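A quick write-up on the structure given underneath.
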There are 4 protein chains.
Amino acid sequence: MTSAEKTDKREQLINAAEELFAEKGFDGTSVRDIAQKADVNLAMISYYFGSKEKLLLVLIEQRFASSSELLEDMVKNTKLSSWEKIEKVIEYYVDKILNGRKFHTIINQEYNTDRSHEIIDLITSIKMKNFTLIRQLIDEGIKKKEFRKIDPEMTMASMMGTINSVINSKNIYCALFKIDRENEAEYLAKMKPRLKDHLRLMIRAHLTTE
Amino acid sequence: MTSAEKTDKREQLINAAEELFAEKGFDGTSVRDIAQKADVNLAMISYYFGSKEKLLLVLIEQRFASSSELLEDMVKNTKLSSWEKIEKVIEYYVDKILNGRKFHTIINQEYNTDRSHEIIDLITSIKMKNFTLIRQLIDEGIKKKEFRKIDPEMTMASMMGTINSVINSKNIYCALFKIDRENEAEYLAKMKPRLKDHLRLMIRAHLTTE
Amino acid sequence: MTSAEKTDKREQLINAAEELFAEKGFDGTSVRDIAQKADVNLAMISYYFGSKEKLLLVLIEQRFASSSELLEDMVKNTKLSSWEKIEKVIEYYVDKILNGRKFHTIINQEYNTDRSHEIIDLITSIKMKNFTLIRQLIDEGIKKKEFRKIDPEMTMASMMGTINSVINSKNIYCALFKIDRENEAEYLAKMKPRLKDHLRLMIRAHLTTE
Amino acid sequence: MTSAEKTDKREQLINAAEELFAEKGFDGTSVRDIAQKADVNLAMISYYFGSKEKLLLVLIEQRFASSSELLEDMVKNTKLSSWEKIEKVIEYYVDKILNGRKFHTIINQEYNTDRSHEIIDLITSIKMKNFTLIRQLIDEGIKKKEFRKIDPEMTMASMMGTINSVINSKNIYCALFKIDRENEAEYLAKMKPRLKDHLRLMIRAHLTTE
DNA sequence: GATGAATGAGCATTCATTCAT
DNA sequence: TATGAATGAATGCTCATTCAT
């Protein structure tokens, strides 16, 4: 057995878990479901991760890795205008979150429930870090009089909330825009530009003084 | 036993279910949990609702009742400007959704999962109805040149998404604004005006031409 | 369903558990074994007792009830000689322990292992109580010069240890005395008088001065 | 790798198994526990012993080796009186069993359960052999009129049972004599002379005519 | 209406063992 | 020898639901 195949089974389990957790929720997914979908023996979940919950933890850690690099670049960057930075952030996050739609569905679904502190704390820390970085960009724009004095937290809520709407209400948008519910690629292809255009337009009108 | 007591038990079950579903999710809540919290015999859930899933259905139907009356009023209303109507919609929805935070947490959490068609379809139909009505308000404003030609669906996504952020990320906002996580009343009192002010400002800048 | 039948299932579970724990040990017995032997649904163990361990606890509590009444009578009694009291204690304990052979096999087997404190503490407290009472009888005999100054604790160890030998080494004695291993009644019938005669003779020789 | 290290791992497994079986029982101990405690790969148990049960068998065989040499010496010996022989047997067995307390705890615990015939038969044969040899010593003393006509089997039951009490009820004696439960050495140091004195006194009073 | 008992299917996890390397 | 991976069966327990009363 090659080393590629070895890690395969672990990876297969994580991938199967991601799909199932997104579709059916954490509690709605049994370890049997995961093992079957991954075509891996049930006991390997215990072997590799210890428990179903620790599998979720590993899944989150792995998918969140390389999270806020662009944000840190933007904060340090001195050449771009504040608005150009925000534009880049919008571009980046729409792509990133929509490409990882399944994963972010899990995060959105499980974040509010009574999960173990480990999971809640992990997600909170990542969200807080990103929140703080975006806030710096907005504050900088306000200081430079490039932006109006708006409510930074609520403005971020609008950015993230708009993207999450597209993530969470796929059903609605597929119905509204007559997109085949099973065709994930088409959904992403149609929603990404629409979402980016809208956010750019709305956030610009909201932030910038003219 | 009086008829008041009769409906009491049914109502207690629905209320207990609402809290538990919001906290732990549908699958994470057992009928035993619900019966215990409601201080009602376990078998009564079967008796009153038939099954755990039908209890969720009844809960959704009951809480969604009297939903879109204001929207219909606004559509028919000819005295108010389009923006005044949107303002009223914002005011109304922020109050309504934040007051029913627990219920909307359930909706947001369970809507994406593989629930029975009955539940998904019920939620979808209510959401679609409200979407359509708000769209009429926006289209009317565009027609009257009161609003710019923006993307109506994405604009609604932003309105709803912003409110949902406040619903779903209570953890984050409690941390950011130093609000006691257990003090629901304080959370609502602080977030409602902030949310309304922000939405009015942002949506106005986005929609209206000057 | 009559009330007799109701408690029957609970009782059946306890009886089945007693036999199986004695034969195969606590860990060697599965809840499925118990349910099957009792001809009762598996889930009833959870329903009645909460867990396998709590079933053992209930079993011990129930079988130990009405434990040390005779000993307390003997301590209070002023008419009998100290030796007559010890004789009665031997008579009583041989009958009691041999009649509850299965139960005492469990106690002897499980007492030394890493069980929950609840179980260990329960057994210890009962054993200590009886130890203390018997010690009083021996001390009284010594004070009255009826008995020699022997080691009371070790003397009790010999009394209990001898009886436990007959309990625990049934295999050996069946082989030595050619008793059918399956014939519990014959074993008890042959061992009880033998055990009583021996203990009376030995303990008398040990205790009494002439 | 040296041959010393080779047998080391095997020996480590047996030693770890002895401790764990004594503490938690055979069924309460998993092969993972043993492998971990011995710091040896799990699969080595299969490799060295074939199975968990065969490991127990090897453990018993190894610890029982060199068992009844002293007894055979005593039977052949013509110089010592019968009582002097019994005294030596008491001395020998108290030391031997108390020094191997953990092992004898296992034997006492597992002997009554439904183990494989191989194990039961092995233990029975060793016990029977020793029983027979001691019986010869007692019969010899009776024949020589040195001893009374007592019940030899029950007398042996008392000897072994008294020692087993000290083995099995360590909890009780630690509580009675205020010995630290974790201090095995202190327990043995205090119990051995006490046990020997008592047995000598009691068995002498029981056996010898004066 | 209301309840305690009962059921069978399902749960996550751990078991002793075996395998390829 | 030695190991990490893998397996299928079994573990204790909880699930939503039903039933007789």
Side-chain angles (χ1 to χ4, degrees), chain A residues 1-3 5-10 26-35 40-55, chain B residues 1-3 5-10 26-35 40-55, chain C residues 1-3 5-10 26-35 40-55, chain D residues 1-3 5-10 26-35 40-55:
Chain A
M1 183 171 291
T2 71
S3 130
E5 272 164 348
K6 268 189 204 173
T7 50
D8 256 10
K9 296 216 172 186
R10 217 185 102 106
F26 179 81
D27 290 310
T29 303
S30 77
V31 292
R32 276 165 188 78
D33 292 339
I34 300 170
V40 159
N41 183 286
L42 167 64
M44 296 314 293
I45 292 172
S46 213
Y47 183 75
Y48 279 123
F49 308 101
S51 72
K52 184 183 160 190
E53 201 163 78
K54 282 182 189 154
L55 163 54
Chain B
M1 184 168 291
T2 70
S3 128
E5 273 165 344
K6 269 189 204 173
T7 50
D8 256 12
K9 295 214 174 187
R10 218 184 102 107
F26 179 82
D27 290 310
T29 303
S30 77
V31 292
R32 274 164 189 76
D33 292 338
I34 301 170
V40 161
N41 184 284
L42 171 64
M44 292 282 87
I45 291 172
S46 273
Y47 181 77
Y48 278 126
F49 308 101
S51 73
K52 184 183 163 190
E53 202 163 77
K54 283 181 189 154
L55 163 56
Chain C
M1 181 170 292
T2 71
S3 130
E5 272 165 346
K6 266 189 204 173
T7 50
D8 256 10
K9 296 216 171 187
R10 219 185 101 106
F26 179 80
D27 290 311
T29 303
S30 77
V31 291
R32 277 166 185 77
D33 292 340
I34 300 170
V40 160
N41 183 286
L42 166 65
M44 297 315 292
I45 291 173
S46 212
Y47 182 75
Y48 279 123
F49 308 100
S51 71
K52 185 183 160 189
E53 201 163 79
K54 282 182 188 156
L55 164 54
Chain D
M1 183 167 293
T2 71
S3 131
E5 274 166 343
K6 270 187 205 175
T7 50
D8 255 13
K9 296 214 172 186
R10 220 184 100 106
F26 180 80
D27 290 309
T29 303
S30 77
V31 291
R32 274 164 189 76
D33 292 339
I34 301 170
V40 161
N41 183 284
L42 171 66
M44 292 282 86
I45 291 172
S46 273
Y47 180 77
Y48 278 125
F49 308 101
S51 73
K52 185 183 161 189
E53 202 163 75
K54 282 182 190 154
L55 163 54

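In what follows, chains are A, B, ... by sequence order, proteins preceding strands, each numbered from 1. Here the structure is a predicted model, which means the values were calculated and not measured.
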Paired nucleotide for F:dT11 [Watson-Crick or G-U wobble; both distances under 3.5 Å]: E:dA12

5' priority, DNA chain F, between B:Ser51 and A:Val40 [closest heavy atom]: A:Val40

Nucleotide nearest C:Arg32 when distance is taken to its side chain, options E:dG10, E:dT17, F:dT18: E:dG10

Rounded distance in Å - CG (A:Asp27) to C1' (F:dC15): 13 Å

Complement of E:dT21, any strand, by Watson-Crick or G-U distances under 3.5 angstrom: F:dA2

For atom CG of D:Asp33 and atom P of E:dT13, their distance in whole Å: 18 Å

Considering all heavy atoms, the nearest A:Phe49-A:Lys54 contact: O-CB, 3.2 Å

Residue-phosphate contact under 4.0 Å: D:Lys9 side-chain N/O, F:dT3 OP1/OP2: yes

Pi-cation contact, C:Phe26 with C:Lys52 (under 6.0 Å, within 45°): yes

Distance, rounded to the nearest Å, where C:Ile45 contributes CD1 and E:dA6 contributes C1': 14 Å

Touch class at under 4.0 angstrom, heavy-atom based, for A:Ser46 against every strand present: base

Nearest-neighbour nucleotide for the D:Asn41 side chain, F:dT3, F:dT17, E:dC15 considered: F:dT3

Whole-Å gap separating C1' (E:dC11) and CD1 (A:Ile34): 12 Å

A:Thr29 vs D:Ser30, nearer the 5' end of DNA chain E by closest nucleotide: A:Thr29

Protein-nucleotide distance (B:Tyr48, atom OH; F:dT18, atom C1'), rounded to Å: 18 Å

Closest listed nucleotide, where the reference is the side chain of B:Ala43 and the choices are F:dT1, F:dT14, F:dC19: F:dC19

Interatomic distance, D:Tyr47 OH vs F:dG4 P [rounded to whole Å]: 16 Å

Side chain of A:Val31 (C-beta onward), nearest among E:dA6, E:dT13, F:dC13: E:dT13

Nearest to side-chain heavy atoms of A:Leu42, which nucleotide of E:dC15, E:dT3, E:dT13: E:dT13

Nucleotide nearest C:Met44 (side chain, heavy atoms from C-beta), chosen from E:dA5, F:dA2, E:dA16: E:dA5

Rounded distance [0.5 Å steps], CE in D:Met44 versus CD1 in D:Ile34: 14.5 Å

Between NZ on residue D:Lys9 and CD1 on residue D:Ile45, distance to nearest 0.5 Å: 12.5 Å

Atom pair distance, as rounded to whole Å: CG in A:Leu55 and C1' in E:dT13: 14 Å

A:Thr29: which of A:Val31, A:Asp33, A:Asp27 passes side chain to side chain contact (heavy atoms under 4.5 Å, CB included): A:Asp33

Nearest-angstrom distance from the residue atom CD of A:Glu53 to C1' of E:dT13: 14 Å

